Every structure is written in structure tokens, then in C-alpha cells.
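Just below is one structure, and these are the notes that go with it.
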Amino acid sequence: MGKKLIQFIDGPNLNMLGEREPDIYGSMTLEEIHNEVRKHVLNLNSEIDLVFFQSNSEGEIVDCIQNSLRNCSGIIINGGAFSHTSVAILDALLSIDIPKIEIHLSNLYKREEFRHHSFISKGVDGVICGFGPDSYVLAVDGMVKLI
Ligand code: DQA
């Protein structure tokens with residue numbers, strides 16, 4: 001059997017990590033975070049492969065979720081601000097029957113009230129938030145148990 005593919009999806013403004021509000025999101029770039037995840041997976045499980053996608057566009061994220069059904073075993077998504085606004089991303093997640101985990105760098109519940117609700121949470125198996133870049137790494141550990 002081939003390797004199992006985990007699709008990471010990062011939403012709007014996450015391409016700005018490193019420069020963007022470092023007091024909230026830390027100083028690592030998205031690429032550095034992804035490299036940490038790659039390293040973790042290399043030590044963890046040789047049966048897993050990762051694929052990363054970032055977009056600032058809601059429609060592209062919906063397309064990526066739909067396409068994941070064809071070749072991926074699971075999705076880990078940081079929807080960024082779309083988490084709090086997007087019924088379209090929720091519907092895309094609900095439409096595909098593979099394990100899904102929502103992640104956030106920051107602890108949403110310590111922040112503004114509008115961040116306390118995520119539309120996409122209803123479409124995932126679990127949520128990890130507040131661990132900074134480690135939210136990404138912890139999500140892989142969770143996903144390995146689901147797939
Ligand atoms: C975020 C939290 C969101 O509220 C925010 O809009 C982001 C990043 C996080 O990873 O903490 O863009 O998803």
C-alpha cells in the first residue's frame with residue numbers, strides 16, 4: 001500500500017506569519033512551521049506524506065478540500081479568518097468523509113469575542129488551538145490516530 005497523504009490547508013494572511021502580529025502569532029514563517037511538521041513526521045511515521053496549500057481565497061480553499069477526497073487520507077486546516085465567516089468552507093468539509101482537524105496558532109478563547117465562534121468546527125473531528133506552531137505538530141499526532 002502507498003503512503004497516506006495528509007493535506008494541510010492554511011487560509012488568509014497565514015502567508016504573512018513571521019511579520020504579522022508576532023506578539024500573537026510568533027516569529028516563525030509559515031514555511032518554517034511546515035518544515036517543523038515535516039521533521040516531526042520523518043521521526044514519527046514513514047507511512048505518512050504531507051502536502052501543503054495556502055490561499056487567501058475562499059474558493060481556492062473550497063476547491064482544495066474537494067480535491068483532497070481523491071488522494072488524501074486526512075485534512076488539517078487553519079482557516080484563519082475564514083473560520084469565523086465561511087459557511088462555504090464548512091459545507092466543503094461536511095461534504096467529504098475523511099478525518100479533518102481544525103487548528104489555530106492562537107487561543108481563540110482568549111481573544112476578541114468574534115473569534116470565539118468557528119463555523120468550520122462543525123465540519124471537523126477535532127480542534128487544536130493555542131499552542132502556536134506546535135498546534136500544527138500536535139494535529140499530525142492526532143491525525144495519525146484517525147487515519
Ligand atoms: C488564526 C486565528 C484567526 O482568528 C485569525 O483570523 C487568523 C489566525 C490562528 O491561527 O490563530 O488568521 O487562525
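Keep in mind that this is a model prediction, so the values were computed, not measured. Start at 1 and go down the list; that is how both ligands and their atoms are numbered.
Side chain to side chain, His104 and Glu102 meet the donor-acceptor criterion of an N or O pair below 3.5 Å. Glu58 and Asn56 are not linked by any side-chain donor-acceptor pair at a separation below 3.5 angstrom, with hydrogens and angles left out of the test.
For a threshold of 3.5 Å applied to N or O pairs, the pair formed by His104 and ligand 1 contains at least one separation below that value. At a 3.5 angstrom cut-off on N or O pairs, Gly79 does not count as close to ligand 1.
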Q: For Phe119 and His117, run ring pair (Phe, Tyr, Trp, His ring centres under 6.0 Å): C-alpha distance rounded to whole Å, both residues' side-chain angles, the deciding distance at 0.1 Å, then the answer.
A: CA-CA 7 Å; Phe119 280 99; His117 177 258; 4.8 Å; yes

Output, in order, the C-alpha distance, side-chain angles, deciding distance and verdict of side chain to side chain donor-acceptor pair (under 3.5 Å) for Tyr25 and Asn13. CA-CA 11 Å; Tyr25 299 117; Asn13 301 306; over 6 Å; no

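Nearest protein heavy-atom neighbour of atom 12 (O) of ligand 1: Arg20 NH2, 2.9 Å.
Proximity of Glu112 to ligand 1, defined as any heavy-atom pair under 4.0 Å, is not found for any part of the residue. Residue Asn78 touches ligand 1 through its side chain alone, judged by heavy-atom distances below 4.0 Å. Residue contacts with ligand 1, taken as heavy atom pairs separated by less than 4.0 Å, do not involve Asn13 at all.
Against a heavy-atom cut-off of under 4.0 Å, Leu105 is close to the following atoms of ligand 1: 9 (C), 10 (O), 11 (O). Short contacts between ligand 1 and Ser106, defined as distances under 4.0 Å to a heavy atom of the residue, involve ligand atoms 2 (C), 9 (C), 11 (O). Shown in contact with His84 at under 4.0 Å from a heavy atom are these atoms of ligand 1, numbered in order with element: 3 (C), 4 (O).
Between Arg111 and Asn107 the shortest side-chain heavy-atom distance does not fall below 4.5 Å.
In the displayed structure, Phe131 atom CZ is contacted under 6.0 Å by at most 12 heavy atoms of other residues, nucleotides or ligands. At most 12 non-hydrogen atoms from other residues, nucleotides or ligands lie less than 6.0 angstrom from CG of Asp97.
In this structure, Leu108 is part of the shell of residues with a heavy atom less than 4.0 angstrom from ligand 1. Look at Met16 and you'll find every heavy atom at least 4.0 Å from all atoms of ligand 1.
A single hydrophobic cluster is not seen to contain both Val137 and Val127; linkage of ILVMFWY side chains at heavy-atom distances under 4.5 Å, directly or through other members, places them apart.
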